[in-house]
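Protein chains get the first letters and strands the later ones, always in sequence-line order, with residue 1 at the start of each.
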Amino acid sequence: MQLHPRHAWTVTPREAVSLQHDLRGEIDTARTLPLAEVRLVAGVDVSVKNGMSRAAVVVTRLPDFAIVETVLATRPTPFPYVPGLLSFREGPVLEEAFSRLASAPDVFIFDGMGIAHPRRIGIASHMGLWLEKPTIGCGKTLLVGQFGPLGPEKGATAPLVDKGETIGVALRTRERVSPVFISPGHRIDLASAVAVTLAATTRFRLPEPIRFAHAAAGTL
DNA sequence: GCGACAG
DNA sequence: ATCTTGTCGC
């Protein structure tokens, strides 16, 4: 599919932070995405091993989660893991995978954060600019922010707040399991991001598209 | 200065 | 993320 690269990936950590400040203002988290308009949901994940990174994008069709397309891409890992700069580590290999997508997903769910990030531009938001399509951040652990108690039932949420700003929610996707952290990536609002995530989740903690992508990326 | 820190 | 054994539970 058509991509919209905004800058080269070969940068220093300092330049990476500068780019995040330049791009954060372009992230749109005010757009509603009606569930009725969501048919194709893509799961995105990356595995790393021995200096190589493998990206997997698995496109599923609701409501049965039939797999429509799977794209794999492998490249040398270009950047170290630095909290807050994950997109500069996984962006290059994801860019290649996205460029080879034949289908047109209505929304992409990432393994990582959207705006629930120190500079409000986690990997789901950053790659959302490349895709110019709705993206959602679905993290398993917290990067920034605090949240209070949430109900024990599936679907329970608690606001994720950082510096007085609501940047996402802690969402329980299954009874008795720790919550996942949902935040808008780009071109979607928080309420829609939560609705889509729940619509994409069945009996497991993580959304089906993400589970499929994780399995497809393998251990390398 | 100290602690926190997606994947 | 990846490195690792056994173990609790459906």
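A close approach under 4.0 Å does not occur between any side-chain nitrogen or oxygen of A/Thr141 and OP1 or OP2 of B/dC5. For B/dG7, one of the phosphate oxygens OP1 or OP2 lies less than 4.0 angstrom from a side-chain nitrogen or oxygen of A/Lys140.
The CZ-P distance, from A/Arg119 to B/dA6, rounds to 13 Å in whole Å. Going from atom CG of A/Asp111 over to atom P of B/dA6 covers 12 Å, rounded to whole Å. Nucleotide C/dA1 holds its P atom 21 Å from the CZ atom of A/Arg75, rounded to whole Å. Spacing between atom CE of A/Met52 and atom P of C/dT2 amounts to 14 Å, rounded to whole angstrom units. The separation between A/His214 atom NE2 and C/dA1 atom C1' is 9 Å, rounded to whole Å. Atom CD1 of A/Ile123 is separated from atom P of C/dA1 by 12 Å (rounded to the nearest Å). Protein atom CD of A/Gln20 is 12 Å distant from nucleotide atom C1' of B/dA6, rounded to whole Å. Between the P atom of B/dA6 and the CZ atom of A/Phe79 lies a distance of 15 Å, rounded to the nearest Å.
Contact annotation for A/Gly137: no contact, since no heavy-atom pair falls under 4.0 Å across all strands. A/His126 comes within contact range of no nucleotide atom at all, as no heavy-atom separation falls under 4.0 Å. Residue A/Gly122 is in base contact, counting any heavy-atom pair closer than 4.0 Å across all strands shown. Among the heavy atoms of the strands lying under 4.0 Å from A/Leu142 are primed sugar atoms or P, OP1, OP2 only; no base atom is included.
Here CD1 of A/Ile123 is found 12.0 Å from CE of A/Met113. Values are rounded to the nearest 0.5 Å. Rounded to the nearest 0.5 Å, atoms CG (A/Leu150) and OG (A/Ser178) are 10.0 Å apart.
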- Message: Pairs counted only when both distances fall under 3.5 Å, Watson-Crick or G-U: show me the 5' to 3' dot-bracket for DNA chain C, [ ] for pseudoknotted crossings and | for other-strand partners.
- Response: ..........
- Message: Is there a salt bridge (Lys or Arg N to Asp or Glu O under 4.0 Å) between A/Glu132 and A/Arg187? Walk through the geometry before answering.
- Response: CA-CA 7 Å; A/Glu132 284 303 353; A/Arg187 291 196 170 194; 3.0 Å; yes
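In this structure, the side chain of A/Arg172 engages the main chain of A/Val177 through a donor-acceptor pair within 3.5 Å.
Counted within 6.0 Å of CZ on A/Arg119, heavy atoms from surrounding residues, nucleotides or ligands total more than 12; the atom is thus considered enclosed.
Here A/His7 pairs with A/Trp9, A/Phe88, A/His126, A/Trp130 under the ring-ring contact (aromatic ring centres under 6.0 Å, His included) rule; sequence neighbours left out.
Nearest nucleotide to the side chain of A/Asp45, out of B/dG7, B/dA6, C/dT2: B/dG7.
Between A/Phe212 and A/Phe65, the distance from one ring center to the other does not fall under 6.0 angstrom.
For A/Tyr81 and C/dA1, the ring-to-base geometry does not satisfy the stacking test (centroid distance below 5.5 Å, interplanar angle below 30°).
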